[in-house]
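Inspection log for the structure reproduced underneath, given as structure tokens.
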Amino acid sequence: MDELIEYGPDLLKGFLVNLQLSAICTVLALVLGTILVAMRVSPIPVLRAAGTTVVNVIRNTPLTLLLAFSALGLSDTLGLTFSDEPYDNAFWLVVMAMSIYAATFVCEALRSGINTVPMGQAEAARAVGLTFMQTLRLIILPQAFRAVIAPLGSVVIALIKNTTVAQAGGLLADAAFVMYDTFDTTGVSIPIFIGLVIAFMAVTLPIGWFTGWLAKRLAVAR
Amino acid sequence: MTENGHASPLVQMENVNKHFGALHVLRDINLTVSRGEVLVVIGPSGGGKSTLCRTINRLETIDAGKIVFDGQVLPDEGKALAKLRSEVGMVFQSFNLFAHKTIRENVTLGPTKVRGTAKDQADKRAMELLERVGIATQADKYPAQLSGGQQQRVAIARALAMDPKMILFDEPTSALDPEMVQEVLDVMIGLARDGMTMMVVTHEMGFARRAANRVVFMADGQIVEENTPDEFFTNAQTDRARDFLSKILTH
């Protein structure tokens, strides 16, 4: 218990990095995921193929490999940098990799949501004179989002937990890294484990409850 | 109402052909719809009636032939096609109201998003139309809270809100409970009296008799017979039509 108290402030600082990553990546993943799904259902074959390829490649690659690739491959070898400050650079590389990774799951969740919207509504929208993008934006996606709020909650929860592998992308700051670092000096501490688990659950459980509640509240009656 | 042939044609279909895979659903269709005309398309299931109806606003593409609407060949895609569709109303068998929008929003969506009509103006017009179809009191409800007949009347109001040059009705009463059919037909008969150009795919003989100028009988992807309702129902010329009528009129 003493270790948890002694290293608590460091761990908390690390945990704030997890929260920061989670918040930024959630927003980016939702935006990117929506763009990806628009590509996947678009009438333009090139866009469809591009969307499908991105989703299939990224979604089926282990996250740690994506992170290592963006740090070692994209940044170190190919020279993609976000900042001269090493910490900031690592942070944004991790944000990029994690956002794209989560975006592919957002995309697939939304795509299953789109399948819940009866085809006839898209036809009716087109028959009124709406363009494809208007139909998607005004009719299909609003209903698709509502249908998959709970699955999207799961994607966000997975994203939050996945921030603990940020060190694979060279970001040596999050709570899991601080934990390993602490174990190196103090030896393994069960209270620190438990403390971190509780910290994560304190964030992820309410998200699960909230999205479950929201899903019921916003369900589209048919 | 103008008699068939006197008014200028609104829709002209020339040698229209369409296949669904191996199935030849439209065979050499030649059909003209005049302005103000009410055309009923009748015939056995799978005969191509709905497909015919849906080609006019290009919800179905055609493989060969030509369709001219209001003097223009149907555009292939893009903005021009969206504009054409905004001028052709459509009422579907399964209503297809936007489930996440209120009744009022269902009616105002087209005018505000396609035509750029101001919201208060679109609202006012929507309420007039909902009044006309008898649903004004339900304007703030969602589609799922309405009966089938009410939903279909909203769908008609939604089509009317675009001030279309024509309305296509694709089996508008086939999904309704029997006691709700008449309320929808009454609205349609009202429209016909007001001179709306209508193409109606239906099995409702009563409607055809009361409101149609012309009946087109379709089977196996072909127009088998065209006639006035009275002539068609009492004195069909072809065996195929007589056979069909004998099956539906004896019950």
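Convention: sequence-line order gives letters A, B, ...; per-chain numbering from 1.
Contact tally against chain B (heavy-atom pairs below 4.5 Å) for A:Met119, A:Arg126, A:Arg146: the top residue is A:Arg126. Across B:Glu87, B:Lys113, B:Met162, the residue that shares the most heavy-atom pairs under 4.5 angstrom with chain A is B:Lys113. Among B:Pro111, B:Ser86, B:Ala99, the residue making the largest number of heavy-atom pairs under 4.5 Å with chain A is B:Ala99.
Under 3.5 Å, the side chains of B:Asn17 and B:Asp63 contain no donor-acceptor pair of N or O atoms. The closest side-chain donor-acceptor pair between B:Lys124 and B:Gln121, if any, does not fall under 3.5 angstrom. B:Glu183 and B:Gln152 share no donor-acceptor pair across their side chains, judged by distance under 3.5 Å alone. Checking B:Asp140 against B:Thr102 by side-chain atom types alone, no donor-acceptor pair falls below 3.5 Å.
No part of B:Arg115 comes within reach of chain A, as not one of its non-hydrogen atoms sits under 4.5 angstrom from that chain. Heavy-atom distances place the side chain of A:Gln134, and not its backbone, under 4.5 Å from chain B. Of the atoms belonging to A:Ala122, not a single heavy atom falls under 4.5 Å from chain B. Proximity to chain B is absent for every atom of A:Leu218, based on heavy atoms less than 4.5 angstrom apart. With a threshold of 4.5 angstrom between heavy atoms, B:Leu168 does not approach chain A through any atom at all.
Ring geometry, A:Phe200 versus A:Phe15: the interplanar angle exceeds 60°, so the pair is classed perpendicular (tilted spans 30 to 60°).
A cation-pi arrangement, defined by a distance under 6.0 Å to the six-membered ring centre and an angle within 45 degrees of its axis, is present between B:Arg158 and B:Phe98.
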